Number of protein chains: 2
Amino acid sequence: MPMARESSRAGIADVARLAGVSLSTVSRAMNGNPTVDPALAQRVQAAAAELGYTANPVARSLVLGRTQTVAVVIPDLENPTFQAILRGLSRAATADGYHVLVADSREDLDEEHALARTTRLRTDGVILCAPRMAEQDLAQLLPSLSPAVVINRGPQGTAPTVGADYGAGMRDIVDHLTSLGHRRLVYLAGATRSVTHRARQQAIAAAISRTAGLEVEELTAGVDIDSGTAAADRVLASGATAVIAYNDLVAMGLLSAVTARGIDVPGALSITGFDDIPFAAYTSPPLTTDAVPAVEIGAAAWAAMHAQLTGVAPRSTHTMTPTLVVRGSTAPPSAT
Amino acid sequence: MPMARESSRAGIADVARLAGVSLSTVSRAMNGNPTVDPALAQRVQAAAAELGYTANPVARSLVLGRTQTVAVVIPDLENPTFQAILRGLSRAATADGYHVLVADSREDLDEEHALARTTRLRTDGVILCAPRMAEQDLAQLLPSLSPAVVINRGPQGTAPTVGADYGAGMRDIVDHLTSLGHRRLVYLAGATRSVTHRARQQAIAAAISRTAGLEVEELTAGVDIDSGTAAADRVLASGATAVIAYNDLVAMGLLSAVTARGIDVPGALSITGFDDIPFAAYTSPPLTTDAVPAVEIGAAAWAAMHAQLTGVAPRSTHTMTPTLVVRGSTAPPSAT
DNA sequence: CTGTTAGCGCGTTCAC
DNA sequence: GTGAACGCGCTAACAG
């Protein structure tokens, strides 16, 4: 006994029946195949419209071998920089008719690995934002992800890379501080196992060997506001006249904590951030920082993915140069 | 002439061959079907492990009729509140083994509609965050989305709703301001077609009829920092002693602009925000605002979706109460 | 130009 | 307890 027709979506067979044609003709008409008689195509389109028919994307994905979806693996959805990358990526992908699957690895290295692999199975490629993953793990993971795009890491053999030049940014920051007259600095390190941390370290080392009398003490903090707050006492005890925070969040936490202790910024202490998150301009004083074009990085990452998806060779590495943004949190050291 | 075996992923047939069993047995063993001989199951697992086999999720989706993925439609990925909702949702969904597709409608009403429908086709349900969509459009859209969850809107007939009580929050804010002695307020309205705007308006109206001598002028602004900045002159011209900004972003823009004009906040003007975004505590002065538990809303939205997905009846409406957070941007009016 | 046939990779009835 | 056959909904070869 036939079941009553379910009220579920119309399938290609329903359209074929209504239009009085075969399944293939419906398929062809719906996909704009030019070998279909215009009159028939019209009839099919009309029938499809009447039934509200749209081809089932899952079935198409199975037969076509592509899902029109890419995965983005991100270490922390709470970080404004990753949010901006996601935003730029999402909008660019949408413009090209692709969907975006987000996966927040919550800074968990194992999770990162697993998420990348599992999401890859239901997508056409993955954009991997994994700053702390060991280079070796990454190299081993990437082939199974292909096509992939790597964000904010050095050149990879198997996947294009998009990112900012953190070394150049750090150089600008140090130069800015030294040209103001600072000689005793603190670098508040964040993710010490990250690639961008090492780029910063190298830039600092280069600046030291270039600038007479420059001393930079490295203190370990973290990557968020709280870690900046927590570092305040150590920073003040260091005797430095300026501090280079790992990023804007750390800088904000530090700024807030030292201000609460009655320290004048930038009068008694200069502070710099990194990234130029949207709120960096609204602290008090507004933060001097280095602007990383995160939205553009996201868009470029999509471009690199889209190129691979369409069989075009992407740029193997796309590096954007951040820009120093001098605001109110830096000034010459007080003449003690 | 047979093609050389492609280096693509192992399929269920490869596992069956290696284990010396049929396709069905592999399928059953991989899905933990208890009717499989333990010894065989072992062999299959071993073969699968050796080949690195994982069932193709797309094929499973087609046959099972579920994708283990949900879509989240959001008006603006740049807004910290939506980011927090997404974060809470994403983490909760991941914990239950689901994936999340994000769609940024960029405040475009047509796009919102289209995105919801198309993403629904490749997912098992959609969480819709569409504060400005007309009630009628929504009612018409929802059935085709089922199962769906609606965020920050009044009760819907066909889908559970999760959100915050913006009216209660606004009441707290107005009461806070009046108890400080303010009588001439400005409400800087944002998305005037949004549901939460109307809830705020009603709360304000109620406060006016309850509080002797209270006047509230409504000015139209927007929902972002720039619109707060742009409203500064109008706010100052109004003669109000306190302003209720639509959200924290507007409040921050306004705060920044009036401070730049030499106005003392809260001495000469009190300002309140709404949402309590992560940076509200770091403005100068820190923002008095009403904390909307956005991450929890995201988690609750997932819970409502998960319930529907597992055949459990979800709470038809889940309303969270925001909390007033008094910080430094409000004070008694100056005794002019 | 159109219809018929054969899969895409898997889960799941049905017989054995 | 296990295998063979069918079908999820669609597209792409192949005939006609």
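Only a predicted model underlies this, so the values are computations on that prediction, with no experimental measurement involved. In the text below, chain A, chain B and the rest are named by the order of the sequence lines, each starting its count at 1. Note: hydrogens, waters and symmetry copies are ignored here, and every other heavy atom, side chains too, is used.
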### Query
At under 4.0 Å between heavy atoms, what does B/V21 touch on the DNA or RNA strands: base, sugar-phosphate, or nothing?
sugar-phosphate
## Note on the structure
Overall bend of the helix from C/dC1-D/dG16 to C/dC16-D/dG1 (five pairs an end, 10° steps) is 50°
### Message
Ignoring hydrogens and geometry beyond distance, is a side-chain donor-acceptor pair present between B/E78 and A/Q83 at under 3.5 Å?
### Response
no
### Query
Rounded to the Å, how far apart are B/L121 CG and D/dC8 P?
18 Å
#### Entry: With B/R132 via salt bridge (charged side-chain N to carboxylate O under 4.0 Å, His left out) - residues at least two apart
B/E107
### Query
Rounding to a whole Å, what distance do you find between B/Q42:CD and D/dT2:P?
13 Å
### Task
Kindly state each residue pair satisfying salt bridge (charged side-chain N to carboxylate O under 4.0 Å, His left out) with at least one member in residues 29-55 of chain B, sequence neighbours excluded.
none
### Query
Using the ring of each side chain (for Trp, its six-membered ring), is B/H306 parallel, tilted or perpendicular to B/Y98, with breaks at 30° and 60°?
perpendicular
#### Entry: For A/D76, salt bridge (charged side-chain N to carboxylate O under 4.0 Å, His left out) partners two or more places apart
B/R91
### Task
Identify, with sequence neighbours excluded, every residue that meets side chain to side chain contact (heavy atoms under 4.5 Å, CB included) alongside B/A71.
B/L101, B/T119, B/T123, B/V126
### Task
List the protein contact pattern of nucleotides 8-16 of chain C with one symbol per nucleotide (5' to 3'): B for base contact, S for sugar-phosphate-only contact, - for none; contact means a heavy-atom distance under 4.0 Å.
BBSBBB---
### Task
Could you grab the distance from atom CD1 of A/I85 to atom CD1 of A/I151, nearest 0.5 Å is fine?
5.0 Å
### Task
Compare all side-chain heavy atoms of A/I127 with those of A/V70 and state whether any distance is below 4.5 angstrom.
yes
### Task
Rounded to the nearest angstrom, tell me the gap between atom CG in A/L40 and atom P in C/dT2.
4 Å
